[in-house]
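Below you'll find the structure, written out as structure tokens, and then a few comments.
No experiment lies behind these values; they were computed from the predicted model shown.
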Amino acid sequence: MLILTIIEGPDVGKRFELPEHEPQLLGRSSEALPISDNTVSRRHAELTPDAGEWWIRDLESQNGTWINGVRIDERVRLRRGDLVRVGSSLFAFGAVDPAKSNAVNIVADSILETEFEHTLASDDDSVILAEPEPGAAAVHHLQVVYHLTTLLGHTTSRRALLSSVMDLVFKEFSPERGFIMVRGAGVDTPLEPAVVRYKLPPRDASEAKIHVSRTILRHCVTKTEGILSTNAMNDPRFQAGDSVQRFKIRSAICAPIRHRDRVYGAIYIDSSIINFSFTREQLALMNAIGQHTGLALANAELGAQKIHAERLSAMGETVASLSHSIKNILQGLRGGADLVQIGLDREDLSIARDGWTIQKRNIDRIVGLTVNMLTFSRQKQVEIELTPLKKLIEECAELLAPMCEEKGCAMILDPDPEMPPIPVDPNLLHQAIVNLMGNAVDAVESTGGVVTVRTMYHTPDPLLQSQPPMAEIHVRDNGKGIPEEKLRWIFEPFNTTKGTRGTGLGLAVTKRIIEDHRGHIEVLSEGSGTTFRVILPADDHGALDPAATAESKAAEGDPLGS
């Protein structure tokens, strides 16, 4: 059974089996091939089996479907080894992972007679110029190297990088077969096939075998020299089938993939002598390709190490910030518990009530922290439905009524009576508005505090056909305002203006929710009072389109720049 493997993107490592007679829908709304990538449309592409072959077509998705780096506009047949990109996710189409296959068979000299026609050192000079003398061949080789460096500079995935290199090799050298073998994570790990490619699909398992001399690979990797060779099969076991007879005498090139003193692996290609023999000039070019591939792999490793270090640093800061917030909450719980205990010991119900009020306040803080942590730490799917904004804000105000009563502040709601329902995720937007309104209640004074929540609806200008209708939400308080130096990082996680009473996650979560709705949030605070202004697109047609994605629509000229 053919398999679709995600090798890059949020769901990297996920594998899907493709049943022989069942079309498969690829997208966020698919039950067969579901993925969580927000840059992928709900119904992005369709894979269809037809007479033993698989075909793919794009379903008018926003970001398009790409096969081996080329965007498709019509139905295209998939071949094993093809790379399918949808959004930021990259899929490998094939039967098995090449690293786990038996396509490459390394054999002894007694079986595969090898003649070294020419060897060429792979060194720093190989990177610059494959041809020592100026001329048409040298210019062409420089063009190939330039194209290769441009290609590798835009590829971060190790698998995609090596596959792109093999695409270029097949285009330039026209071999019948080829593979790239690389080491695993460690320097001393054995070489394993990473990419295996054929000019024509093998007819059977025997024809799919690529027999390569152990001497060639060992010499290429240990001596760091490119090799131009001729191979001939001697073992009578390989003379039985026609498929082997076609590959009896072969011209081959094997070049090391290296960067400085480190050898990552080797690139191997061959072709039957009846077609043509490779040349010394092609060997020099293959050495250059191996050098640039090694440099790209080294850069990818450095990038991965940097990302890992940044993640560890971010995790440390997160743990420290959360520990500080949790410690403050625990201190409040301990104080409330002590007060309750004193009230029970003295049989004084008023003291116990005061203690319970403290307990309840800190329990609410735990609930808020937990909900914000869950929202912030994972990308929740936005489930759009037409929602009356007036009713949603009234529910938020009702939830915060006890807090307003305790604080002694007024909550004024000023909804636009003519606003139609807008396409939002009511649960996520409810959380965002509660965060904003709760912050506003915290910011006002105990007496005379006022929080105003206003909504507005803007119909598009007839002259601006591309601009959708917009909905605005203003949450204003008459507190002391926010200092200018704090406005720069107010939406950053784990930064709070509330001191020990805040967790620093509320506004960060709110900003993410608004941006997931293709919206925008800004804060205005001059002198006294603060206003948080939320702008949301209210175009129900675009938002409810099953082929829509959050990121792609923003890239198509979203006037909010979100």
**Prompt:** Can you name the closest pair of heavy atoms from Pro423 and Leu386 and give their distance?
**Reply:** N-CD2, 3.8 Å
**Item:** Intermediate values then yes/no, side chain to side chain contact (heavy atoms under 4.5 Å, CB included), Ile56 and Ile72
**Value:** CA-CA 9 Å; Ile56 186 170; Ile72 62 173; 4.1 Å; yes
**Asked** Shortest non-hydrogen contact from Ile513 to Leu428?
**Response** CD1-O, 3.4 Å
**Asked** Can you name the nearest heavy-atom pair linking Gly438 to Leu400, along with the distance?
**Response** N-CD1, 3.7 Å
**Request:** Kindly indicate whether the side chain of Lys171, heavy atoms from C-beta on, has any atom under 4.5 Å from the side chain of Met166.
**Result:** no
**Asked** Taking side chain as C-beta onward, heavy atoms only, is Phe532 less than 4.5 Å from Ile490?
**Response** yes
**Message:** Main chain of Asp82, side chain of Asn68: is a donor-acceptor contact present, judged purely on distance under 3.5 Å?
**Reply:** no
**Prompt:** Hey, is the main chain of Gly64 close enough, under 3.5 Å, to the side chain of His44 for a donor-acceptor pair?
**Reply:** yes
**Message:** Can you see whether His474 engages Glu472 through a side-chain donor-acceptor pair at a distance of less than 3.5 angstrom?
**Reply:** yes
**Prompt:** What residues form a salt bridge (charged side-chain N to carboxylate O under 4.0 Å, His left out) with Lys391, not counting sequence neighbours?
**Reply:** none
**Message:** To the nearest 0.5 Å, what is the distance between CG on Asp416 and CZ on Arg454?
**Reply:** 8.5 Å
**Message:** Taking Pro23's backbone N and O only, do any of them form a donor-acceptor pair with Thr48's side chain (distance below 3.5 Å, no angle check)?
**Reply:** no
**Donor on one side chain, acceptor on other, Ser88 and Asp37, under 3.5 Å** = yes
**Distance-only polar pair, side chains of Asn63 and Thr39, donor-acceptor under 3.5 Å** = no
**Request:** Evaluate the criterion side chain to side chain contact (heavy atoms under 4.5 Å, CB included) for residue pair Gln24 and Glu46; output intermediate values, then yes/no.
**Result:** CA-CA 6 Å; Gln24 303 292 304; Glu46 183 182 49; over 6 Å; no
**Message:** On a heavy-atom basis, which atom in Gly294 and which in Ile257 lie closest, and how many Å separate them?
**Reply:** N-CG2, 3.5 Å
**Asked** Between Glu522 and Lys511, is there a side-chain N and carboxylate O pair less than 4.0 Å apart?
**Response** no
**Contact check, side chains of Leu507 and Asn435, non-hydrogen atoms, under 4.5 Å** = no
**Request:** Decide yes or no for Val104 and Met181: does some side-chain heavy atom of the first lie under 4.5 Å from some side-chain heavy atom of the second?
**Result:** yes
**Prompt:** If you draw a 6.0 Å radius around NZ in Lys14, do more than 12 non-hydrogen atoms from other residues or ligands fall strictly inside?
**Reply:** yes
**Message:** Once rounded to the nearest 0.5 Å, what's the spacing between atom CZ of Phe170 and atom CZ of Arg197?
**Reply:** 6.5 Å
**Request:** Report the relative orientation of the aromatic rings in Phe179 and Tyr268; use parallel for angles under 30°, tilted for 30 to 60°, perpendicular for over 60°.
**Result:** parallel
**Message:** side chain to side chain contact (heavy atoms under 4.5 Å, CB included), that's the test. Do Ile267 and Ile289 meet it? Break it down for me.
**Reply:** CA-CA 9 Å; Ile267 306 174; Ile289 292 174; 4.0 Å; yes
**Request:** List in chain and number order the residues that pass salt bridge (charged side-chain N to carboxylate O under 4.0 Å, His left out) with Glu395, two or more places apart in sequence or in another chain; answer none if no residue qualifies.
**Result:** none
**Request:** First locate atom CG of Leu161, then atom OG1 of Thr293, and finally report the distance between them rounded to the nearest 0.5 Å.
**Result:** 6.5 Å
**Asked** Taking 4.0 angstrom as the limit, do Arg183 and Glu192 come out as a salt bridge?
**Response** no
**Item:** With sequence neighbours excluded, residues passing ring-ring contact (aromatic ring centres under 6.0 Å, His included) with Tyr264
**Value:** none
**Prompt:** Is the backbone of Asn427 close enough, under 3.5 Å, to the side chain of His430 for a donor and an acceptor to pair up by distance?
**Reply:** no
**Asked** How far does CD1 of Ile180 sit from CG of Leu191, to the nearest 0.5 angstrom?
**Response** 12.0 Å
**Prompt:** Taking side chain as C-beta onward, heavy atoms only, is Gln282 less than 4.5 Å from Ile253?
**Reply:** yes
**Ion pair Lys199/Glu176, N-O distance below 4.0 Å** = no
**Whether Asp11 side chain and Ile35 backbone form a donor-acceptor pair below 3.5 Å** = no
**Note, Asp58 side chain near Ser61 side chain (heavy atom, < 4.5 Å)** = yes
**Asked** Less than 4.5 Å apart, any side-chain heavy atom of Glu385 and any of Pro426?
**Response** yes
**Message:** salt bridge (charged side-chain N to carboxylate O under 4.0 Å, His left out) for Glu8 and Arg85? Distances and angles first, verdict last.
**Reply:** CA-CA 9 Å; Glu8 186 179 311; Arg85 179 172 292 281; 3.1 Å; yes
**Request:** Determine the sole option in Ile473, Ile433, Ile422 for which the side-chain contact (heavy atoms from CB on, under 4.5 Å) test with Leu392 is passed.
**Result:** Ile433
**Request:** Could you check if a side-chain atom of Leu429 sits within less than 4.5 angstrom of a side-chain atom of Leu389, using non-hydrogen atoms only?
**Result:** yes
**Prompt:** CZ of Arg28 to OG of Ser36: how many Å apart, nearest 0.5 Å?
**Reply:** 9.5 Å
**Asked** Rounded to the nearest 0.5 Å, how far apart are CE of Met456 and CD1 of Ile535?
**Response** 9.0 Å
**Asked** Does Pro469 offer a backbone N or O that forms a donor-acceptor pair with the side chain of Thr459 under 3.5 Å?
**Response** no
**Complete:** Nearest heavy-atom contact between Arg77 and Trp55 is N-CE3, 3.3 Å
**Prompt:** Side chain of His517, backbone of Asp425: donor and acceptor closer than 3.5 Å?
**Reply:** yes
**Complete:** In terms of heavy-atom contacts, Ala440 and Val475 come closest through CB-CG1, 4.0 Å
**Prompt:** Can a donor-acceptor pair be found between the side chains of Ser122 and Asn287 at a distance below 3.5 Å?
**Reply:** no
**Request:** Test Arg177 against Ile269 for side chain to side chain contact (heavy atoms under 4.5 Å, CB included), laying out the working first.
**Result:** CA-CA 6 Å; Arg177 311 173 306 177; Ile269 57 173; over 6 Å; no
